[in-house]
Each structure stands twice: as C-alpha cells, then as structure tokens.
Amino acid sequence: MTVPIAKLSFWGVRGSTPTVDPATWRYGGNTPCLELIAPDGTQFILDCGTGLRMLGSRWAAPKGGKNPETHIFVTHYHWDHIQGIPFFSPLYVENNEFQFYSFRSKFLGRDSLKQVFEAQMALPYFPVDMSAMNAKRKFKEVDGGDSFTIRENKITARWLNHPQGCLGFRIETPAGTIAYATDNEPGDAKLDESLRELAAGADILINDAQFTPEQLATTRKGWGHSSWLEGVRVAREAGAKTLVLFHHDPDSTDRMVDSLLKRAREEFDSVFAASEGMVITLGAPGEGVQAHMPGTRTALRREAQFRAKVCGMTEGGKAFEEETMVRDLSLQGALISLKHLPQLQSELQVTMEAPGENGVQAMKLRGYVVRIDEGAEKGHVAVGVVFTD
Ligand SMILES: [Zn+2]
Ligand SMILES: [Zn+2]
C-alpha cells in the first residue's frame with residue numbers, strides 16, 4: 001500500500017500589496033497564493049494574489065492529456081487576493097477547466113466572483129476583455145458553515161473577522177488537514193470560535209501574522225489582521241500541530257519576519273514563516289510534516305574551497321559548532337556540508353577563512369538556513385544558506 005502524500009506550495013505570502021524591496025526578497029513579495037495537491041491528484045489553489053502568475057507560468061499538463069481538476073478558493077475580494085487572476089495564463093487556454101469558489105458579497109450580490117473577474121478586465125483597466133479567456137470557468141457560491149467533499153477531500157468554510165468579510169477554508173485530505181486562515185483579526189467572540197473550529201487538530205494552520213502583538217493592540221487595531229502570538233494561541237487551543245505565519249506586512253523586512261518567527265518558536269514547537277517557494281509535504285513516511293525550500297532563486301553559484309567554522313542550532317534545539325569546507329558559494333549564499341542537522345529557517349554563524357593581503361583572514365557571515373538536502377558524503381547533509389549580513 002502506498003502512503004497518501006499531499007503537497008502544499010507557497011506561491012505568494014505577502015499581505016496587502018506586492019513588494020520588490022530587496023530587503024523583502026528572502027520571504028518574497030508576491031501576494032497570497034497557495035497550491036495544494038491532494039493524494040488523489042486533486043489540485044486546490046487558495047487565493048489569487050500575484051503569486052498566481054508564477055504558478056501559471058510553471059503550469060504543466062500531465063503526460064497523456066487532460067489537466068486534472070483544479071478547484072480555486074478565493075477567501076475575499078481585497079486586491080491582494082484577486083490581483084493575479086488576469087495574469088494567470090492557464091485561464092486563456094481552451095482546454096483548461098476551473099471551478100471557482102467564493103462568497104456572495106453584499107456589495108456585489110449574485111455571482112460576486114464572476115463580477116470581480118469582469119470588473120478587473122473591463123476596459124481601460126486591462127488590455128483585453130473577458131472574451132480572451134478561453135478556459136472553462138464555473139463559479140460556486142459558498143457560505144460560512146458550508147461543508148462539502150471534492151473526491152476524497154472534505155472542505156469546510158468558516159467566516160473570519162475582516163472588513164467586508166473573509167472566509168477561512170479547512171481541507172481534510174487522507175494525508176492530513178490544512179486550515180487556511182488568512183486575513184483575520186482576533187476580538188470577536190463568535191468568529192474567534194469559528195477560527196478555532198477551522199483549526200481543530202489541523203496538521204497545518206496557516207494564520208495571518210501581519211502585525212506584531214504590540215501593533216495589534218494599538219495602532220493597527222481594527223485593521224483586520226492578526227499576529228504571531230495570536231496564531232500561537234489558536235494553534236495551542238485548537239490543537240493544531242504546525243503553525244505557518246502568513247500574510248507578512250509589506251513594511252516587514254526579512255530581518256523583521258526572522259524576529260517574529262524567532263519569538264513564535266520560543267512559544268510553540270513547530271512554526272514556520274511562510275516563504276515564497278516553500279513546499280510542505282504532509283503524510284511522508286517517518287514524519288508528519290516536512291518543509292523544503294527549493295533553491296531556484298539562489299543562482300550565480302560558483303564552486304569554491306573555503307575552510308569554515310559553523311555555529312548554529314540543531315533540529316533538537318542543541319547548539320553545535322563544526323569545522324567544514326564551503327564548496328559552493330554565490331553572492332547570496334552558500335551550500336555547506338554538515339554532520340549536524342540545523343533547523344530550517346534558523347540562523348548559522350559561518351566563519352570562512354579566505355586568503356587576504358596579510359595571509360589568511362577570517363570572514364564572518366550570518367547565514368539563514370533555506371534548504372536541507374541529503375549530502376553527497378555519507379553522514380552529512382547539504383545545507384543551503386543565504387547570507388543576511
Ligand atoms: Zn490580504
Ligand atoms: Zn483583506
């Protein structure tokens with residue numbers, strides 16, 4: 001019997017508006033878009049922020065014909081959750097078929113999402129109109145409290161506390177359960193409860209972490225968002241296993257997100273900060289949840305030979321120090337072979353010895369772990385870091 005595996009990919013993680021500031025590149029600047037491939041092959045897309053364009057450009061028809069069914073859930077109609085739609089190239093291809101789900105907005109009435117499509121592509125806001133979109137599109141209205149199945153997966157929708165409304169979605173697959181709760185603010189007793197219902201016992205809870213707990217209590221109160229601390233509270237109370245901090249503020253630099261993640265990890269065992277390109281596998285043998293960050297963004301690699309000393313924290317939370325060789329170096333980071341297994345998204349001190357004018361000089365860098373692969377040498381792991389300063 002094969003083990004059912006689900007794959008969750010993060011194509012956009014930024015809240016409110018895309019960012020191109022170099023200080024935000026590590027977590028990424030595209031607005032919300034997630035993709036979940038269930039064990040039965042059903043493809044789910046959660047939100048249509050600018051990350052959707054990237055997903056569309058990697059779109060591949062499976063060998064031997066027809067695309068599998070794609071079900072697209074839109075949580076609400078704020079720009080950051082719909083802006084990728086006109087730039088999603090598979091929508092212009094005749095044989096593709098999409099089933100969209102969203103709620104009836106009191107501001108738009110019947111066929112709200114269909115109207116959003118038409119409004120977004122109305123002249124002069126976009127160069128071509130809806131007639132250019134050749135893929136089949138079906139629209140289904142969902143309401144908070146609704147529950148239904150798509151093949152072997154169960155979907156539940158719940159209202160969240162957000163201006164003009166927002167739905168959270170829970171997807172139960174045979175490999176595990178994901179609760180997607182972006183754009184929500186704590187403080188409404190009934191909706192706080194529905195958020196906990198959505199997250200109950202989930203393997204992964206993706207929660208809005210746009211603001212700091214301090215901002216949430218003061219200047220950003222009433223803006224419709226949450227914090228890492230609220231996420232930790234919900235995860236604890238609902239018994240969710242892994243928390244993913246999501247919808248990063250456009251003004252949050254990578255260093256700021258690092259520090260939110262660090263604080264959250266002091267309070268809760270399993271936390272990740274959503275990062276563009278991150279993939280989480282559910283149900284893989286041996287471990288419930290595994291996160292990976294593909295190295296496609298760290299180009300410009302060069303082979304090198306630097307003796308280095310690395311200090312960091314292992315997965316088990318133990319400090320380690322190890323001498324090694326850095327054999328692959330780029331302007332942004334390095335690939336380091338280690339016997340220790342550092343935690344993904346943790347910080348390593350890398351001291352490299354480099355030839356200088358006055359003999360060998362020590363070059364101290366702070367690295368942030370973006371990927372861990374099986375090493376070429378036995379008993380070693382290949383650790384990809386990006387340098388943060
Ligand atoms: Zn948003
Ligand atoms: Zn919103």
Side-chain angles (χ1 to χ4, degrees), residues 10-21 24 27-35 45-55 72-88 100-108 112-113 115-117 119-120 142-144 157-169 178-188 191-192 194-195 198-199 205-212 215-216 219-228 230-231 234 243-252 256-257 260 273-276 278:
F10 292 79
W11 295 93
V13 303
R14 189 68 53 178
S16 307
T17 184
T19 61
V20 290
D21 182 340
T24 63
Y27 287 100
N30 280 303
T31 59
C33 180
L34 268 63
E35 179 194 21
I45 295 173
L46 298 163
D47 273 330
C48 298
T50 57
L52 184 66
R53 185 184 66 86
M54 301 271 288
L55 168 53
I72 306 185
F73 293 80
V74 177
T75 57
H76 64 305
Y77 306 112
H78 287 159
W79 278 116
D80 50 328
H81 299 259
I82 58 165
Q83 213 168 7
I85 292 170
F87 300 95
F88 184 51
F100 287 88
Y101 304 80
S102 199
F103 65 87
R104 183 185 294 203
S105 161
K106 72 174 181 195
F107 299 92
L108 299 169
S112 290
L113 187 56
Q115 290 186 52
V116 166
F117 265 67
Q120 272 191 317
V142 283
D143 202 346
R158 287 271 189 279
W159 289 115
L160 301 174
N161 188 29
H162 194 64
Q164 296 92 51
C166 178
L167 285 177
F169 293 104
I178 286 149
Y180 178 56
T182 187
D183 297 61
N184 72 80
E185 179 166 353
D188 177 303
L191 296 174
D192 287 351
S194 77
L195 172 59
L198 204 70
L205 164 63
I206 300 145
N207 195 62
D208 186 327
Q210 180 154 357
F211 301 136
T212 64
Q215 286 176 312
L216 187 60
T219 54
R220 296 290 183 262
K221 198 176 163 64
W223 286 39
H225 297 287
S226 192
S227 73
W228 66 265
E230 276 302 321
V234 176
L243 170 67
V244 179
L245 309 179
F246 189 71
H247 205 272
H248 307 307
D249 191 88
D251 287 330
S252 286
M256 286 157 81
V257 178
L260 302 181
S275 177
E276 218 171 273
M278 185 163 95

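Residue numbers count from 1 along this sequence. Counting starts at 1 for both ligands and their atoms, following the listed order. These values consider heavy atoms only, across backbone and side chains, with no hydrogens, waters or symmetry-generated copies.
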Restricting to N/O/S atoms, is D183 within less than 2.8 Å of the Zn ion (ligand 2) or not? yes

Check whether the side chains of D192 and N161 place a donor and an acceptor atom closer than 3.5 Å, and report yes or no. no

Compute the angle centred on the Zn ion (ligand 2) spanning NE2 of H76 and NE2 of H162, and express it rounded to 10 degrees. 100°

Suppose we only allow N, O or S atoms; which atom of H247 ends up nearest to the Zn ion (ligand 1)? NE2

Compute whether any side-chain donor of one residue and acceptor of the other, for N207 and W228, lie under 3.5 angstrom apart. no

Is there an N/O/S atom in D208 that lies less than 2.8 Å from the Zn ion (ligand 1)? no

Using 2.8 Å as a strict upper limit, say whether an N, O or S atom of H78 approaches the Zn ion (ligand 1) that closely. no

Can you tell me which N/O/S atom of H81 has the shortest distance to the Zn ion (ligand 1)? NE2

Hey, are S16 and Q210 close enough side-chain-wise for a donor-acceptor pair under 3.5 Å? yes

Under 2.8 Å from the Zn ion (ligand 1), can any N, O or S atom of H225 be found? no

Test item: side-chain donor near acceptor, D183 and H76, under 3.5 Å: yes

Can you name the N/O/S atom of D80 that is nearest the Zn ion (ligand 1)? OD2

Which of parallel (below 30°), tilted (30 to 60°) and perpendicular (above 60°) describes Y101 and F73? parallel

Assess the side chains of H225 and D249: does a donor N or O sit below 3.5 Å from an acceptor N or O? no

